[in-house]
Amino acid sequence: MAVTTVGVIRERYPGENRVAITPDVVTRISTDDVTVIVESGAGTGSRFSDEDYRTAGARIGSLKEVIDNASVICCVNPAEPDGLRTGQILIGVFEPLHRTDLIKRLQAIEATVVSLDLLPRKLSRAQSMDVLSSQANIAGYKAALVAADAYGRYFPMLTTAAGTSQPATVLILGTGVAGLSAIGTARRLGAVVTAYDVRPEAKGEVESLGARFLELTSVASGSGEGGYARQLTETEREAQQAELAEAIGRFDVVITTAKVPGRKPPILVTEDAVARMRPGAVVVDMAAGELGGNVAQVKSEGSFETDNGVTIIGAGNLPSQMAPAASTAYARNISAVLKHLIVDGTVHVDTDEEITGQIVVTHQGRPVSPALADALTESTDQAGDSA
Ligand code: NAD
């Protein structure tokens with residue numbers, strides 16, 4: 001009988017507390033033909049001890065023991081562990097379009113890379129595997145809490161013997177999964193919430209959560225492929241920024257979440273917009289990262305105060321700040337992926353199948369995902385151009 005050993009490694013990215021598989025999922029996936037080996041300490045940041053994993057049925061080992069024994073290795077962030085062999089399968093969030101060098105190295109040793117950020121989002125069969133949604137839900141919730149914490153006044157309207165506080169006015173820019181989660185949380189905290197997205201179809205979702213939709217007259221529909229936003233033209237971008245700047249000055253708190261797949265996040269909050277805000281206002285940029293952010297002055301992580309007293313926060317890795325919840329959700333997604341790939345104890349990488357064909361980045365030394373094949377060709381061309 002075939003047996004597949006699934007390995008779990010400790011995350012090595014600075015500040016990362018999540019783990020790819022939790023003890024609960026070890027129990028779910030362990031069968032006569034699937035065993036699990038976990039690197040010692042992998043769950044510590046998410047409050048899961050080695051003992052918890054043992055009790056759930058996993059073996060505990062060193063990193064080397066995990067790599068030597070596992071045919072499938074699960075992680076959260078991109079990983080390239082020493083000793084990786086031809087045919088081994090890595091499953092995580094590799095952001096392959098931004099990491100073509102790493103992917104080329106893994107392709108050269110004929111490792112198989114499964115990157116869950118490439119999952120087709122609108123396919124209902126794939127929803128249980130959707131790590132972008134599960135993590136964005138948590139991040140949106142936490143962003144509203146971070147904003148409330150940094151804001152020096154109440155979010156709700158409160159009446160006490162000392163008088164009545166006005167509710168905070170909150171503007172959410174970008175209403176994908178994270179934005180909708182931030183709307184729900186800010187509303188639950190009692191704020192008066194307005195939201196905007198460049199996709200007109202977002203209006204109904206925003207209003208169904210009890211928030212007001214901000215209509216801009218200067219930008220036509222920004223809907224792109226697959227439910228994502230398209231990149232705006234320069235003229236549209238400038239018009240959008242100018243119209244948003246007028247609106248932003250009226251809010252106490254702004255939370256930005258806007259992204260365009262494979263591109264730099266669009267600037268939605270310019271320096272002019274921040275200059276119009278009141279002292280004590282707070283801006284949380286969830287898109288802030290290596291590629292920039294939605295706020296002109298934002299740093300990828302951490303907060304600072306502008307000359308006019310506005311606190312600007314680069315949100316950083318919010319799911320990691322709620323690691324037990326984030327790992328629990330991520331691990332359930334991984335469990336669904338493993339169930340999809342492992343049949344009777346054997347891993348089947350059927351690249352002709354609809355989901356597998358999208359999430360497998362490289363297999364047997366060849367690029368599989370159509371999105372990545374283009375990116376690899378482009379990066380080779382650029383290297384050739386610059387040589
Ligand atoms: P995302 O993280 O790519 O972007 C966040 C939001 O920013 C999006 O709503 C996008 O429209 C918006 N945005 C981008 N550029 C903008 C701009 N210039 N101005 C204003 N807003 C801008 O989004 P996501 O959370 O990954 O969601 C992407 C899409 O996938 C959405 O349509 C979402 O409803 C859909 N989705 C569907 C399912 C499902 O059907 N199962 C699951 C998850 C997501």
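What's counted below: heavy atoms across the whole structure, side chains too, no hydrogens, waters or symmetry copies. Read the numbers this way: they start at 1 and go in the same order the structure lists the ligands and their atoms. Computed from a prediction, not measured in an experiment: that's the story for all the values here.
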#### Entry: Residue pair Ala144 / Ala182: nearest heavy atoms and the distance that separates them
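Taking Ala144 first and Ala182 second, the nearest heavy atoms are CB-O, 3.9 Å.
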#### Entry: Polar side-chain atom of Asn308 near backbone of Val274 as donor-acceptor pair, under 3.5 Å
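Side chain of Asn308 to backbone of Val274: a pair is present.
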### Query
Going by side-chain heavy atoms closer than 4.5 Å, which hydrophobic residues are tied to Leu158, directly or by a chain of links?
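Besides Leu158, the cluster holds Tyr154.
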### Query
Under a 4.0 Å heavy-atom cut-off, what residues line ligand 1?
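Residues near ligand 1: Arg121, Lys122, Gln127, Asp130, Ser133, Gly174, Thr175, Gly176, Val177, Tyr196, Asp197, Val198, Arg199, Gly227, Tyr228, Ala229, Leu232, Gln240, Thr257, Ala258, Lys259, Val260, Pro266, Leu268.
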### Query
Can you name the residues that form a salt bridge (Lys or Arg N to Asp or Glu O under 4.0 Å) with Asp117, not counting sequence neighbours?
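Checked Asp117 against salt bridge (Lys or Arg N to Asp or Glu O under 4.0 Å); zero matches.
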### Task
Using salt bridge (Lys or Arg N to Asp or Glu O under 4.0 Å) as the criterion, list what pairs up with Glu236, not counting sequence neighbours.
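Testing Glu236 for salt bridge (Lys or Arg N to Asp or Glu O under 4.0 Å), a comparison that skips the adjacent residues, returns Arg230.
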### Task
Apply the test salt bridge (charged side-chain N to carboxylate O under 4.0 Å, His left out) to residues Arg59 and Glu65: give CA-CA distance (whole Å), side-chain angles for both, the deciding distance (0.1 Å), then the verdict.
CA-CA 10 Å; Arg59 274 183 295 150; Glu65 284 165 330; over 6 Å; no
